[in-house]
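Data block below; observations after.
Just so we're clear, the structure is a prediction, and the values are computed from it rather than from any experiment.
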Amino acid sequence: MKYAVLSDIHGNLEALNSVLEEVDRQKIDQIICCGDIIGYGANPNECCRLLFERNPISILGNHDQAGFDLEEAKYFNIYAQESAQWTYNTLEDSYREILRALPHKRLVGWDFLLVHGALTHRNDYILADQQAIENKEVLQEKYPHIRLCFYGHSHLKKIWGPVEGSLAARLNFRLLQDEYYLINPGSIGQPRDGDPRASFLTFERETMEIKYYLVDYDIEKAQKKIHEAGLPPYLADRLARGA
């Protein structure tokens, strides 16, 4: 079974289109989404349509929740709050209801767990060693038969667990059967690690292989749409910086 693991699309249609073209080239069996399909970008409806027609296994992100529950946006910064209000007003009711039905976390068979932010809390970030340790402890306690958790939210490519090499040096890894892993595929629609390319990964269950893909897309077109929609210019500017 070969999975494509996506996260944090954030209404960026240009990035999602380019990623799905690469997904098709890789002959994927199942698409996984760790949440935040909408928010920030100017094409929430189009991204929902394009993703959901692929029948992904998906969970709810905090920006997805803000698409039907603006109370969630009170935790956002000022730019995110403004985009959440715009997205709420723009999102079609049919997609609002699909998002409302998504779970906050999800087990995929006996293979792995999906969360958006963290196992400790759905809006927590996993950014440092101590946070990774705490989340691995939750994984071991609550899901003793699961050794792999995919998460998003931070928009940062990361593998917490023993592998040879680093993401700075290579993009292919083989996981060890008896170790615990927390893995972030990075962001499709708004990377924040200094690389503006859309990021996702593939996971082959039989071989335990992880491979990251960094995909170029039409950033200028995505930026123009954000400006034309009247969204905060900062949301457009950061796309070119990957920040």
Check: His121 side chain, Asn123 main-chain N or O, donor-acceptor pair, under 3.5 Å: yes
Pairs involving residues 37-52, ordered by first then second residue, that meet salt bridge (charged side-chain N to carboxylate O under 4.0 Å, His left out) (sequence neighbours left out): Arg49-Glu53
Whether Phe76 and His63 hold their rings parallel, tilted or perpendicular, with breakpoints at 30° and 60°: parallel
Residue pair Asp36 / Ser7, side-chain donor-acceptor N/O under 3.5 Å: no
Between Asn89 and Gln85, a side-chain donor and acceptor under 3.5 Å: yes
Arg96 charged N/C atom sitting above Tyr88 aromatic ring, 6.0 Å / 45°: yes
Over 12 foreign heavy atoms within 6.0 Å of CD, Gln140: yes
Arg205/Asp111 under salt bridge (charged side-chain N to carboxylate O under 4.0 Å, His left out): CA gap, chis, key distance, verdict: CA-CA 8 Å; Arg205 179 64 185 87; Asp111 292 337; 2.7 Å; yes
Sole candidate of Asp237, Asn43, Leu231 that passes side-chain contact (heavy atoms from CB on, under 4.5 Å) when paired with Ile226: Leu231
Lys225 and Glu228: CA distance, side-chain angles, deciding distance, salt bridge (charged side-chain N to carboxylate O under 4.0 Å, His left out) verdict: CA-CA 5 Å; Lys225 288 181 176 180; Glu228 289 176 345; over 6 Å; no
Asn55 side chain to Gln30 side chain, donor-acceptor N/O pair below 3.5 angstrom: no
His116 and His104 aromatic centres sub-6.0 Å: no
N/O donor-acceptor pair under 3.5 Å between Asp64 side chain and Gly35 backbone: no
Ring geometry between Tyr212 and Phe173 (parallel below 30°, tilted from 30 to 60°, perpendicular above 60°): perpendicular
Phe112 and Tyr3 aromatic centres sub-6.0 Å: yes
Asp218: salt bridge (Lys or Arg N to Asp or Glu O under 4.0 Å) partners, not counting sequence neighbours: none
Tyr40 side chain to Trp86 side chain, donor-acceptor N/O pair below 3.5 angstrom: no
Flag if over 12 foreign heavy atoms under 6.0 Å of NZ, Lys105: no
